[in-house]
Amino acid sequence: MTTAFDDPAEFSPDKPRAWDPNHPRLNPAGAPHETAGALRMQRNGYNGEAIAATLGTTRLGIKRTDVVDLLNAAVNGEEQAQFENRPVHCETIPRDYT
């Protein structure tokens with residue numbers, strides 16, 4: 001694995017430095033929490049049916065009955081991040097998003 005002291009000129013997009021995605025320094029302990037898309041949609045005024053319709057057209061295949069579970073998991077994730085004193089990134093999804 002390379003270090004921060006390696007010569008940056010010897011690396012490029014065509015010749016990236018080697019790295020280990022399981023390196024112990026790459027832990028999520030202080031990483032910001034990003035709010036789930038379903039909760040961002042709900043906070044921006046989408047109702048459950050619209051969220052299910054939007055997410056159901058993706059590979060996720062979300063049913064209307066799954067929306068409540070998604071919203072609960074998203075709120076729990078935010079609460080856990082706040083408990084751990086991690087920043088929460090919560091951008092809204094615009095109503096005209098397609």
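What you see below is based on every heavy atom in this structure, not just the backbone, and it leaves out hydrogens, waters and symmetry mates. Here the structure is a predicted model, which means the values were calculated and not measured.
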- Message: Ignoring hydrogens and geometry beyond distance, is a side-chain donor-acceptor pair present between Glu78 and Gln82 at under 3.5 Å?
- Response: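 Looking only at side-chain atoms, Gln82 and Glu78 do not form any donor-acceptor pair under 3.5 Å.
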- Would Val68 and Leu70 show up in the same hydrophobic cluster when neighbours are defined by side-chain heavy atoms closer than 4.5 Å?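 No, because Val68 and Leu70 fall into different hydrophobic clusters, even though each may have its own neighbours under 4.5 Å.
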- Query: Do Val88 and Met41 sit in the same hydrophobic cluster, where Ile, Leu, Val, Met, Phe, Trp and Tyr count as joined when their side-chain heavy atoms come under 4.5 Å apart?
  - Reply: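 No; tracing contacts between hydrophobic side chains, which count when under 4.5 Å, never links both residues.
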- Atom pair CG/CG of Asn72 and Leu39 - distance to nearest 0.5 Å: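 So the CG of Asn72 and the CG of Leu39 are separated by 10.0 Å.
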- Mind listing the closest non-hydrogen atom pair of Ala38 and Leu55 along with its distance?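 The pair with the smallest heavy-atom distance is CB-CD1, 4.2 Å.
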- Query: For Glu79, what residues pass the side chain to side chain donor-acceptor pair (under 3.5 Å) criterion, not counting sequence neighbours?
  - Reply: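 Not a single residue meets the side chain to side chain donor-acceptor pair (under 3.5 Å) criterion with Glu79.
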- Message: Please enumerate all residues that pass side chain to side chain donor-acceptor pair (under 3.5 Å) together with Gln42, with sequence neighbours excluded.
- Response: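 Listed in chain order: nothing, the list is empty.
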